[in-house]
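The structure appears below as structure tokens.
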Amino acid sequence: VRSTAAALKVGRVEPKGLSVTGAWDQADLSRVIERHKSTAAPPPIATPQGNSGITLAQARALFLADKGKEFLAHGTGTEYALATRALIEFVGDKLISHFIQSDVEKFVNGLRALPNGWSKKAIFKDKTAVETIAFNTALPDEEKIPLLSKNTRRKNFFFAFTYFEYCKEQGYLTGDNPLAKNKWFDQFPKEKTRRRVFTEDDLKALFDSANYNTHLTNDPYGFWIPILGIFTGCRVSEMTQLRLTDFVQRKDSGIWYVHINENEETKRLKGEHGERIIPLHSVLIDVGLLKYIGDVNAAGFDMLFPMLNW
């Protein structure tokens with residue numbers, strides 16, 4: 001998103017979908033919100049009796065449930081879920097007290113062999129991490145999926161490390177974190193990578209597409225989040241947790257701005273300097289952001305995107 005903002009030249013990229021102003025009314029908004037509401041809340045996860053008898057999978061379920069809002073705010077929920085899933089599939093679901101050093105080696109070796117996108121690619125559908133590795137290994141060389149990068153392996157190792165730290169805090173694990181050996185972290189040095197900057201052609205392909213235009217009437221967050229990201233530089237997690245009260249107009253200048261903050265328990269920012277005030281670009285106002293905010297408010301909601309589940 002930040003790269004997109006740097007590449008965009010206002011006045012030269014004019015998405016067709018942005019010419020639509022005031023296309024939303026309360027009936028449209030209510031219809032979409034109802035469509036996106038979950039039909040039922042998930043059942044509560046019971047804490048096993050006796051911490052010494054808790055398994056890796058039981059602790060994982062508690063870990064993900066307990067940390068869910070925090071992970072959502074940072075956009076890392078899926079990554080934590082996948083890393084801990086892979087851990088258990090590599091070593092088997094066992095009592096945490098039975099997790100030993102050889103299991104750490106199994107996990108590390110498994111990460112080294114995992115193909116990129118192992119949880120998303122269609123050819124690996126319904127396969128465990130172990131089955132995915134075996135399947136990818138058996139493919140002809142020209143069809144093999146490249147393996148996880150060193151940096152991605154290191155991140156997965158860290159996510160699993162955090163899981164065990166949680167287990168220690170909850171009393172599920174006694175003694176040291178089994179992944180707390182520095183030599184394992186050293187296996188995965190951070191790679192310095194540069195993100196590819198979006199070109200004008202990239203931006204035109206995105207914003208001039210029919211698919212993007214349909215979001216204006218089907219899924220308002222699908223329309224607003226990309227353009228908000230371009231003109232504010234905000235992270236997706238910051239935009240999805242915005243409240244209507246975060247949009248304020250200065251009395252002295254009349255300028256509208258958005259206040260990125262964590263003034264409420266449900267909000268999380270990445271880093272201690274994440275709070276900031278960002279003036280709203282005139283393009284956002286011209287394409288109807290303030291009217292959308294008014295429609296959401298008139299419908300009785302306080303979140304900018306009430307159709308998204310937290």
Side-chain angles (χ1 to χ4, degrees), residues 41-121 124-137 145 147-188 268 310:
I45 300 173
T47 303
Q49 298 297 315
N51 289 345
S52 61
I54 191 170
T55 67
L56 292 169
Q58 289 172 325
R60 174 181 180 268
L62 293 166
F63 169 65
L64 296 176
D66 203 20
K67 297 288 188 177
K69 287 185 178 180
E70 177 183 337
F71 294 157
L72 180 63
H74 290 285
T76 55
T78 300
E79 293 177 291
Y80 274 100
L82 287 175
T84 49
R85 170 190 154 188
L87 170 74
I88 295 171
E89 290 177 351
F90 286 141
V91 306
D93 188 21
K94 58 176 64 180
L95 295 176
I96 291 183
S97 57
H98 291 178
F99 191 90
I100 58 178
Q101 192 60 35
S102 62
D103 292 321
V104 179
E105 296 177 19
K106 288 180 183 178
F107 180 47
V108 170
N109 290 333
L111 291 178
R112 287 198 186 105
L114 262 181
N116 195 28
W118 68 277
S119 66
K120 299 178 181 179
K121 294 188 182 298
F124 301 138
K125 185 178 179 182
D126 299 327
K127 291 180 173 57
T128 66
V130 175
E131 292 168 344
T132 297
I133 291 172
F135 183 86
N136 194 51
T137 302
I145 304 300
L147 305 184
L148 297 179
S149 68
K150 289 182 180 179
N151 196 38
T152 301
R153 298 202 301 265
R154 182 183 182 278
K155 285 172 59 177
N156 278 273
F157 191 88
F158 173 77
F159 293 144
F161 176 90
T162 304
Y163 157 71
F164 279 114
E165 285 294 291
Y166 169 85
C167 292
K168 281 181 60 179
E169 294 170 2
Q170 300 300 315
Y172 307 147
L173 174 67
T174 58
D176 295 333
N177 185 323
L179 303 189
K181 302 291 186 182
N182 288 334
K183 66 177 182 179
W184 295 118
F185 282 102
D186 292 341
Q187 298 272 345
F188 312 124
R268 295 288 186 276
W310 274 75

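Throughout, numbering of the chain's residues begins at 1 and tracks the sequence.
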message = Determine whether Arg112 and Asn109 satisfy the following criterion, side-chain hydrogen bond (donor to acceptor under 3.5 Å, both in side chains), listing intermediate values before the conclusion.
response = CA-CA 5 Å; Arg112 287 198 186 105; Asn109 290 333; 2.6 Å; yes
inquiry  = What verdict does the side chain to side chain contact (heavy atoms under 4.5 Å, CB included) test give for Lys121 and Ile145, after you've listed the backbone C-alpha separation in whole Å, the side-chain angles of each residue and the deciding distance to 0.1 Å?
reply    = CA-CA 10 Å; Lys121 294 188 182 298; Ile145 304 300; 3.6 Å; yes
note = Correct closest heavy-atom pair for Leu82 and Ser119 would be CD1-OG, 3.2 Å
ask   = Going through the distances and angles, do Ile88 and Thr55 end up as a side chain to side chain contact (heavy atoms under 4.5 Å, CB included)?
value = CA-CA 10 Å; Ile88 295 171; Thr55 67; over 6 Å; no
request  = Could you tell me which non-hydrogen atom of Leu62 sits nearest to which non-hydrogen atom of Ile54, and how far apart they are?
outcome  = CD1-CD1, 3.8 Å
key: Spatial distance of atom CZ (Phe161) from atom CZ (Phe164) [nearest 0.5 Å]   = 10.5 Å
Separation of Asp103 CG from Lys94 NZ (nearest 0.5 Å) = 3.5 Å
query = Ala86 and Leu114: which non-hydrogen atoms are nearest, and at how many Å?
reply = CB-CD1, 4.5 Å
query = Short question: side chain of Asn156, backbone of Arg153 - any donor-acceptor pair under 3.5 Å?
reply = no
message = Measuring from atom CZ of Phe159 to atom CG of Leu179, what distance do you get when rounded to the nearest 0.5 angstrom?
response = 13.5 Å
task = Look at the aromatic rings of Phe107 and Phe90 and report parallel, tilted or perpendicular, splitting at 30° and 60°.
result = tilted
note = When rounded to the nearest 0.5 Å, the distance separating CG of Leu95 from OH of Tyr172 is 14.0 Å
ask   = Is the backbone N or O of Thr128 less than 3.5 Å from a side-chain atom of Glu89, with the two atoms forming a donor-acceptor pair by type?
value = no
query = Can you name the closest pair of heavy atoms from Leu173 and Lys168 and give their distance?
reply = CD2-CG, 3.6 Å
query = What is the distance from atom CG of Asp66 to atom OH of Tyr166, rounded to the nearest 0.5 Å?
reply = 3.5 Å
request  = Can you measure from OG1 (Thr84) to CZ (Phe63) and round to the nearest 0.5 angstrom?
outcome  = 6.5 Å
query = Between Trp118 and Thr132, which heavy-atom pair has the shortest distance, and what is it?
reply = CB-CG2, 3.8 Å
ask   = Looking only at heavy atoms, which two atoms of Cys167 and Ile96 are closest? And how far apart?
value = SG-CD1, 3.7 Å
query = Is the backbone of Pro115 close enough, under 3.5 Å, to the side chain of Asn136 for a donor and an acceptor to pair up by distance?
reply = no
